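Data block below; observations after.
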Amino acid sequence: MIVELSHRIVDGMVTYPGIPGPKLGTHLSREDSRAVYAPGTEFHIGVITLAANTGTYLDTPYHRYADGPDLSQVPLSKLVDLPGLVVRGGEGRQVVIDEGLDVRGKAVLIHTGWDRHFGTDAYLHGHPYLAPGSAQWLAEQGAALVGIDSLNIDDTPPHGERPAHSILLKAGIPLVEHLTGLAELPSGGFRFHAAPPMVAGMGTFPVRAYAIVP
């Protein structure tokens, strides 16, 4: 079974406060293409302008650190066909990871249920986030990737620090934010995939995240 874990990208959508929504347009319409190709043959070529942090996206170390690997430098082995583990958040905003879990080499996906608010004002305020101490533990234990179905893996006060980003990306652990559908996954026993295009000089980009459950 394949489980979709990404939000759709649509014109003008808001992913994060202050980041402009994407703009979708047309470079070549089907009507105009009829003058370019043989009769009965037509194509559509679209154009999209978007901030890299749109929809469900991947953070590479370059997002936080100027000398870190960017989208074109993070190997696929860190992004696809990873054994997955779901951590279920509790009632509070701060998610603490059970240190009895085996996370080494795994995509650790934090399920908070906050994705139910995506596309509304409620999504943008008071979101769950990963406890800084748990981010440090995940880095020490060698997690392969960490994802969350919330606005941000860190708390987001104005001018605040971003400890989970700093700790995990410093350790070379990619992050995926704004996941959805984690409620459909078992706690373990699945494979996780989230590959962006190989864009040099950029640290973040939308991904089509999904899981394969046997």
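All figures in this text were calculated on a predicted structure; none of them were measured in a lab.
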Open item on the list: Assess the residue pair Asp70 and Val199 against the criterion (side chain to side chain contact (heavy atoms under 4.5 Å, CB included)); give the C-alpha distance rounded to whole Å, side-chain angles, the decisive distance to 0.1 Å, and a yes or no.
Closed with: CA-CA 8 Å; Asp70 63 20; Val199 184; over 6 Å; no
Distance check, rounded to the nearest 0.5 Å: [X] atom [atom1] versus [Y] atom [atom2]?
{"X": "Gln141", "Y": "Lys106", "atom1": "CD", "atom2": "NZ", "value": "11.5 Å"}
{"X": "Glu184", "Y": "His111", "atom1": "CD", "atom2": "NE2", "value": "9.5 Å"}
{"X": "Glu140", "Y": "Gln136", "atom1": "CD", "atom2": "CD", "value": "4.5 Å"}
{"X": "Ile9", "Y": "Leu50", "atom1": "CD1", "atom2": "CG", "value": "6.0 Å"}

Considering all heavy atoms of both residues, which atom of [X] and which atom of [Y] are nearest to each other, and what is their separation?
{"X": "Thr54", "Y": "Pro206", "result": "O-CG, 3.4 Å"}
{"X": "Pro196", "Y": "Leu71", "result": "CG-CD2, 3.6 Å"}
{"X": "Arg88", "Y": "Ser187", "result": "NH2-N, 3.9 Å"}
{"X": "Val108", "Y": "Ala143", "result": "CG2-CB, 4.1 Å"}
{"X": "Leu76", "Y": "Ala195", "result": "CD2-CB, 4.0 Å"}
{"X": "Leu179", "Y": "Ala209", "result": "CD2-CB, 3.7 Å"}

Open item on the list: More than 12 heavy atoms of other residues, nucleotides or ligands under 6.0 Å from CZ of Arg8: yes or no?
Closed with: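 Not buried by this count: 12 neighbours or fewer within 6.0 Å.
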TODO: Evaluate whether atom CD of Glu161 has more than 12 neighbouring non-hydrogen atoms of other residues, nucleotides or ligands under 6.0 angstrom away.
DONE: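 Open: at most 12 neighbouring heavy atoms sit under 6.0 Å from CD of Glu161.
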Would you say [X]'s side chain and [Y]'s backbone share a donor-acceptor pair under 3.5 angstrom?
{"X": "Asp98", "Y": "Gly100", "answer": "yes"}
{"X": "Glu177", "Y": "Ile153", "answer": "yes"}
{"X": "Ser166", "Y": "Pro163", "answer": "no"}
{"X": "Thr112", "Y": "Trp114", "answer": "yes"}
{"X": "Ser134", "Y": "Ile97", "answer": "yes"}
{"X": "Ser150", "Y": "Pro128", "answer": "yes"}
{"X": "Asp149", "Y": "Asp115", "answer": "no"}
{"X": "Ser29", "Y": "His44", "answer": "no"}
{"X": "Arg162", "Y": "Gly160", "answer": "yes"}
{"X": "Arg64", "Y": "Pro61", "answer": "no"}

Note, [X] side chain near [Y] side chain (heavy atom, < 4.5 Å):
{"X": "Pro69", "Y": "Thr60", "value": "no"}
{"X": "Leu185", "Y": "Leu5", "value": "yes"}
{"X": "Leu138", "Y": "Leu168", "value": "yes"}
{"X": "Arg208", "Y": "Glu4", "value": "yes"}
{"X": "Lys78", "Y": "Leu145", "value": "no"}
{"X": "Tyr57", "Y": "Val207", "value": "no"}

Is there a chain of hydrophobic side chains (I, L, V, M, F, W, Y, each step under 4.5 Å between heavy atoms) that links [X] to [Y]?
{"X": "Val146", "Y": "Val74", "answer": "no"}
{"X": "Phe190", "Y": "Leu101", "answer": "no"}
{"X": "Leu85", "Y": "Leu130", "answer": "yes"}
{"X": "Val87", "Y": "Val213", "answer": "no"}
{"X": "Tyr62", "Y": "Met202", "answer": "no"}

- [ ] Please report the C-alpha distance between Leu58 and Leu79 in whole Å, then the side-chain angles of each, then the deciding distance to 0.1 Å, and finally whether the side chain to side chain contact (heavy atoms under 4.5 Å, CB included) criterion is met.
- [x] CA-CA 9 Å; Leu58 178 94; Leu79 307 171; 3.8 Å; yes
Task: Whichever hydrophobic residues join Ile212 through chains of side-chain contacts under 4.5 Å - done: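 Reading the cluster by chain and number, Ile212 sits alongside Ile2, Tyr210.
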TODO: Please assess His178 against Tyr123 for the test ring pair (Phe, Tyr, Trp, His ring centres under 6.0 Å), listing each intermediate value before the final yes or no.
DONE: CA-CA 10 Å; His178 310 280; Tyr123 187 76; 5.8 Å; yes
- [ ] Decide yes or no on side chain to side chain contact (heavy atoms under 4.5 Å, CB included) for Leu109 and Phe192, but give the supporting numbers first.
- [x] CA-CA 9 Å; Leu109 309 181; Phe192 179 74; 3.7 Å; yes
TODO: Could you walk me through whether His63 and Asn53 pass the side chain to side chain contact (heavy atoms under 4.5 Å, CB included) test, one step at a time?
DONE: CA-CA 10 Å; His63 177 51; Asn53 292 39; 3.9 Å; yes
Contacts table for residues 10-20: side-chain donor-acceptor under 3.5 angstrom, sequence neighbours left out:
| residue | atom | partner | partner atom | Å |
| --- | --- | --- | --- | --- |
| Asp11 | OD1 | Leu24 | N | 2.8 |
| Thr15 | OG1 | Gly55 | N | 2.8 |

Task: Asp59-Thr204 side chain donor-acceptor pair, cut-off 3.5 Å - done: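 On atom types as modelled, these side chains do not qualify, holding no pair under 3.5 Å.
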Task: Short side-chain donor-acceptor distance under 3.5 Å, Tyr65 and His165 - done: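 No - no donor-acceptor pair under 3.5 Å links their side chains.
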- [ ] Enumerate the residue pairs fulfilling ring pair (Phe, Tyr, Trp, His ring centres under 6.0 Å) with a member in residues 17-39, sequence neighbours excluded, ordered by first and then second residue.
- [x]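 Only Tyr37-Phe43 qualify under ring pair (Phe, Tyr, Trp, His ring centres under 6.0 Å).
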Open item on the list: If the threshold is 4.0 Å, N to carboxylate O, is there a salt bridge linking Asp155 and Arg93?
Closed with: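 Judged by the 4.0 Å cut-off on N to carboxylate O distance, Asp155 and Arg93 do form a salt bridge.
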- [ ] May I ask you to decide if the ring planes of Phe118 and His7 are parallel, tilted or perpendicular, using 30° and 60° as cut-offs?
- [x]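 Because their plane-to-plane angle is under 30°, the rings of Phe118 and His7 count as parallel.
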